[in-house]
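The block underneath contains the structure these notes are about, expressed in structure tokens.
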Amino acid sequence: MPSTRLRHLVDRDALGALVVAAAVPFLFMHERYQPELALDAGSTSIDIRLSDVAALAVVVAALISAARLGLSRLAPARLLWVPGALLLAWLAFETFRPLSIGDARFDDHLVSFLKLGEYVLLAVAVPLLVRRAEDLTIVLGSLVLWSVVASGVAAAQFVGLDVFGAWNAGWRQPSFLGHHDLAALAAVAIGLAAAGIVTGRKRMPVAPLFAAALAAGMLGLVLAGSVAAAAGLALGASALSLAAWGRYLPSFRQMLALAVVVAVVAGGVTAVRGDALEDFFRFLGVRGDEPPQGVETYSQRAVLAYIGLRIFGDNPLVGVGWQRSGREEVFEPYLDDAHERFPDVVDLAFPAPGREWGVQNLYVQMLADAGAIGLLLLLAVGAAGLVLAWRTAAYAPNPWAAGAGFAVLCALLTLAGEWASLGIVAGIPLQAATFLLLGLAAAGAAVVEEDVAG
């Protein structure tokens, strides 16, 4: 019976979805574990990794699909494509404006921008390749199964297995991804499981993997130890509940089960990050007054966010240029004020020559690098993805598409929280997860419009 279902799932029309599924392990693996080819480009180099080859393969498959079947499936998601194109154009301006071109690290910043463009194409490719229930099953199934592997490795690291740069046993762990990227992959899995909880497993795509998605998602988020992702999950679960209430009227038991999942993740993350949170409360003056002994995560992020906001305050409309907020000549004028504002934070937490920490918050860095215009366009892209996912959840004619809408809604908001703990880094799994989810939102919009037209 399983082999019969597999033969039904994998046919000629599923080749595009299979390419996406085959790309998942490479898109969701830290760069240090991938072979690379370095190509000289001026004063810098372009590193070609398996993740780049995988992304290119997905784009080529999408081009072939477009040649065969046309581009009509992209039209229903114009709400996403318009602000997305404007954001990319604005960031191109920020990359090539005279101030940016004159920067000593212009070549590095250009490579980073090109990496961003490469991953943007994933969002465009997905709706061209995910056209049927079988396609969605293949893509989401690959993400869930890879999340199972990643969370399993993190669990082994947690109990003491020293592989893939494991941290000390009993602490948060990176798996083979890194903490932020492990949280991103887990967010996709738990979004799918959360959709199954509130809509019923029969209405969710990849229903046989419900238990695996739930376990991998919860375990991955806890072991990644991301407070920001846990907060994003709480927001995502709330939006998911509201969307489900309008269509499926989930029972009290279903709502309670979803609340328990969120609470367990929050409690697990709090336990794993107990020391960091205790340091943060001490920094806020809530608990104890012992002086800090080293760099503390959240106090440092407060310092970096303060500097980023000061940079934005002096460059409110267009910012200082793509990825230039971490440059010494940009942040140095604000260091004295930052030291005065945060006198109890150790010197090592502040940026300095050789310690260009960056802002480490996507939204604040967008303000600093690209100004208010950049942040507004970024938020417009995120809002468009959420609107498309909500519409799919509310109006998709079949359970698999509606279930995907619920899953994407929850997962996107979880990732929105995670991005608050990381600055602009191009070509990483967190970015791949974001654009794959936006692509699935666009695919859902196509399903809704096809039903209306039919």
Side-chain angles (χ1 to χ4, degrees), residues 80 140 143-144 147 151 180-200 203-206 210 213-222 224-248 250 254-270 362-363 378-379 381-394 396 402-422 429-442 444:
L80 174 63
L140 287 179
L143 287 164
V144 170
S147 181
S151 296
H180 301 291
D181 298 322
L182 174 60
L185 183 57
V188 178
I190 204 166
L192 183 62
I197 290 173
V198 299
T199 67
R203 294 192 179 101
M204 64 172 282
V206 205
F210 169 79
L214 181 62
M218 294 178 67
L219 186 61
L221 284 178
V222 168
S226 173
V227 175
L233 175 62
L235 182 60
S238 300
L240 177 64
S241 300
L242 290 174
W245 190 262
R247 180 164 184 174
Y248 294 118
Q254 288 172 301
M255 299 296 283
L256 179 61
L258 182 61
V260 168
V261 168
V262 174
V264 169
V265 169
V269 169
T270 300
L362 171 65
Y363 311 105
L378 174 70
L379 295 178
V381 170
L386 293 173
V387 168
L388 294 180
W390 188 291
R391 286 181 182 174
T392 303
F406 285 111
V408 170
L409 181 65
C410 183
L412 273 177
L413 285 169
T414 305
L415 293 190
E418 181 60 24
W419 275 114
S421 64
L422 188 68
L430 174 55
Q431 193 175 74
T434 302
F435 287 120
L436 287 174
L437 288 172
L438 289 173
L440 288 173

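What's counted below: heavy atoms across the whole structure, side chains too, no hydrogens, waters or symmetry copies.
Contacts of Thr434 classified as side chain to side chain donor-acceptor pair (under 3.5 Å), with partners at least two apart in sequence or in another chain: Trp419. Residues that satisfy the side chain to side chain contact (heavy atoms under 4.5 Å, CB included) test with Ala186, not counting sequence neighbours, are Leu221. Remark: Leu378 engages Leu87, Leu362, Tyr363, Met366, Leu375 in a side chain to side chain contact (heavy atoms under 4.5 Å, CB included) (not counting sequence neighbours). In terms of the side chain to side chain contact (heavy atoms under 4.5 Å, CB included) criterion, residue partners of Val408 (sequence neighbours excluded) are, by chain and number, Ala389, Leu412, Leu437, Leu440, Ala441. Not counting sequence neighbours, the partners of Ala442 by the side chain to side chain contact (heavy atoms under 4.5 Å, CB included) test are Ala77, Leu80, Trp81, Pro127.
Counting all heavy atoms, side chain and backbone alike, Cys410 lies closest to Ala237 at SG-N, 4.0 Å. The nearest pair of heavy atoms linking Gln254 to Gly200 is NE2-N, 3.8 Å. In this structure, Ile190 and Met218 approach most closely via the heavy-atom pair CD1-CG, 3.7 Å. The shortest heavy-atom contact between Pro250 and Met255 is CG-SD, 3.6 Å. Shortest non-hydrogen contact noted between Leu438 and Gly385 is CD2-CA, 3.8 Å. Of all non-hydrogen atoms in Ala239 and Trp390, the two that sit nearest each other are O-CZ3, 3.7 Å.
Note that CG of Leu388 and CG of Leu409 are 11.0 Å apart. Values are rounded to the nearest 0.5 Å. Atom OG of Ser147 and atom CG of Leu140 lie 12.0 Å apart (nearest 0.5 Å). Between atom CD1 of residue Ile197 and atom CG of residue Leu192 there is a gap of 10.5 Å, rounded to the nearest 0.5 Å. From His180, atom NE2 reaches atom CG of Leu430 across 8.5 Å, with rounding to the nearest 0.5 Å. Distance CD/Gln431 to CG/Leu436: 10.5 Å, rounded to 0.5 Å.
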Enumerate, atom names and distances included, each donor-acceptor pair closer than 3.5 Å involving a side-chain atom of residues 227-234, sequence neighbours excluded.
none

Show which side-chain atoms of residues 258-268 pair as donor or acceptor with protein atoms under 3.5 Å away, not counting sequence neighbours.
none

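Applying the side chain to side chain donor-acceptor pair (under 3.5 Å) definition to pairs two or more places apart or across chains, those involving residues 225-239 are Ser226-Glu418.
In this structure, the side chain of Ser151 engages the main chain of Ala216 through a donor-acceptor pair within 3.5 Å.
Of the candidates Val144, Thr414, Leu143, Val188 forms a side-chain contact (heavy atoms from CB on, under 4.5 Å) with just one, namely Leu143.
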